[in-house]
Amino acid sequence: MIMVISGDSILEDFDDDFQLVIDKKSSKSSRHSNFLLDTTETIDCYLGQLSKSGSTFSNFLFEFLRTADKKKKIRVRLVTTINPENIELAKELTRQFSVYHTDASGGDFCIIDGALYFYHIENSVHKMARYHRQLLSKNVPFVKLQQALFENLLNHAIPARDKIKE
């Protein structure tokens, strides 16, 4: 394991395939935006709560989706919980992307281009609560397993358009 401390970030590199990144909440720069900008084909995401005022990760995701280069033709599939509080946001996202409803199970994760898994670790009463913690993995078998789990979530989800009609 390698630990690198630089400015507002700590990077624990367990091997070439897994990294735990810990950023101070006050940090202006984020790895969220970096890996989203590098997307070339697909973004598959699960957001435990659909909200622009939610987690830092969801904020970066919404900002990226709003400003994404339309010429890249990135396919975005988003599975989340749609409820009366976020129905307008769901409608907005459904105009451009594939959005699906499922019952809440918590957590936020993304799979980028089928090659990078990103999990935003929720803050808890843990001593690291003043930090953003993310798990990144490029381990091929692990990412494929997470992709299969996402596909399973997607197969059991309801298209947002159907949920909104309800």
Side-chain angles (χ1 to χ4, degrees), residues 9-23 25 27-70 72-83 86 89-90 92-124 128 131-160 163:
S9 296
I10 299 171
L11 171 66
E12 291 185 47
D13 202 351
F14 295 101
D15 61 27
D16 289 340
D17 294 334
F18 290 93
Q19 295 177 339
L20 177 64
V21 180
I22 303 168
D23 288 322
K25 279 192 175 187
S27 177
K28 298 276 186 198
S29 64
S30 174
R31 287 168 187 24
H32 301 131
S33 55
N34 291 343
F35 75 77
L36 288 171
L37 291 173
D38 292 340
T39 304
T40 59
E41 296 175 13
T42 61
I43 297 175
D44 289 332
C45 270
Y46 174 82
L47 292 178
Q49 183 177 356
L50 183 63
S51 168
K52 284 187 178 177
S53 62
S55 73
T56 303
F57 172 68
S58 63
N59 291 336
F60 278 106
L61 178 64
F62 293 134
E63 181 62 22
F64 171 78
L65 295 176
R66 189 179 66 74
T67 61
D69 183 358
K70 307 298 183 234
K72 278 187 169 182
K73 301 212 186 268
I74 296 170
R75 182 188 72 183
V76 177
R77 299 185 299 177
L78 175 64
V79 177
T80 190
T81 300
I82 299 172
N83 55 42
N86 64 22
L89 180 56
E92 180 185 330
L93 290 170
T94 302
R95 288 185 196 109
Q96 276 187 296
F97 309 106
S98 300
V99 181
Y100 300 85
H101 165 79
T102 191
D103 293 327
S105 64
D108 295 337
F109 73 87
C110 236
I111 302 165
I112 307 298
D113 293 332
L116 173 69
Y117 174 81
F118 170 86
Y119 175 68
H120 179 81
I121 302 169
E122 292 290 324
N123 290 334
S124 63
M128 298 298 267
Y131 294 93
H132 295 291
R133 296 172 295 157
Q134 303 105 30
L135 173 68
L136 300 166
S137 179
K138 291 183 181 181
N139 179 278
V140 175
F142 180 78
V143 175
K144 283 185 178 183
L145 174 63
Q146 297 305 313
Q147 185 70 55
L149 291 172
F150 178 84
E151 297 297 334
N152 190 35
L153 263 173
L154 192 64
N155 289 336
H156 290 90
I158 301 167
K163 179 66 178 177

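Without hydrogens or angle criteria, Asp44 side chain to Val79 main chain gives no donor-acceptor distance under 3.5 Å. A donor-acceptor distance shorter than 3.5 angstrom exists from the side chain of Thr81 to the backbone of Thr102, with no hydrogens or angles considered. No donor-acceptor pair closer than 3.5 Å links the side chain of Ser137 to the backbone N or O of Tyr117.
Scored by the ring pair (Phe, Tyr, Trp, His ring centres under 6.0 Å) test, Tyr100 finds no partners at all (sequence neighbours excluded). Asn152 is linked by a side chain to side chain donor-acceptor pair (under 3.5 Å) to His156, counting only residues two or more places apart in sequence or in another chain. Qualifying salt bridge (charged side-chain N to carboxylate O under 4.0 Å, His left out) partners for Glu41, counting only residues two or more places apart in sequence or in other chains: none.
Considering only heavy atoms from C-beta on, Ile112 stays 4.5 Å or farther from Asp38 through its side chain. The shortest distance between side-chain heavy atoms of Leu50 and Leu78 falls below 4.5 Å. Counting only heavy atoms from C-beta outward, the side chains of Val76 and Thr39 never approach each other to under 4.5 Å.
Here the CG atom belonging to Asn86 is positioned 9.5 Å from the NE2 atom belonging to His101, to the nearest 0.5 angstrom. To the nearest 0.5 Å, the span separating CG on Asp113 from CD1 on Ile43 amounts to 8.0 Å. The line from CG of Leu47 to CG of Leu93 is 9.0 Å long, rounded to the nearest 0.5 Å. A distance of 13.0 Å separates NZ of Lys163 from OG1 of Thr94, quoted to the nearest 0.5 Å.
Between Phe150 and Tyr46, the gap from one ring centroid to the other reaches at least 6.0 Å.
Of all the heavy atoms in Asp108 and Gly48, the pair that sits closest is OD1-N, 3.0 Å. Heavy atoms only, all atoms of each residue included: Ile111 and Phe109 are closest at CD1-CE1, 4.2 Å.
Salt bridge present: Glu151 and Arg77 bring a charged side-chain N and a carboxylate O closer than 4.0 Å.
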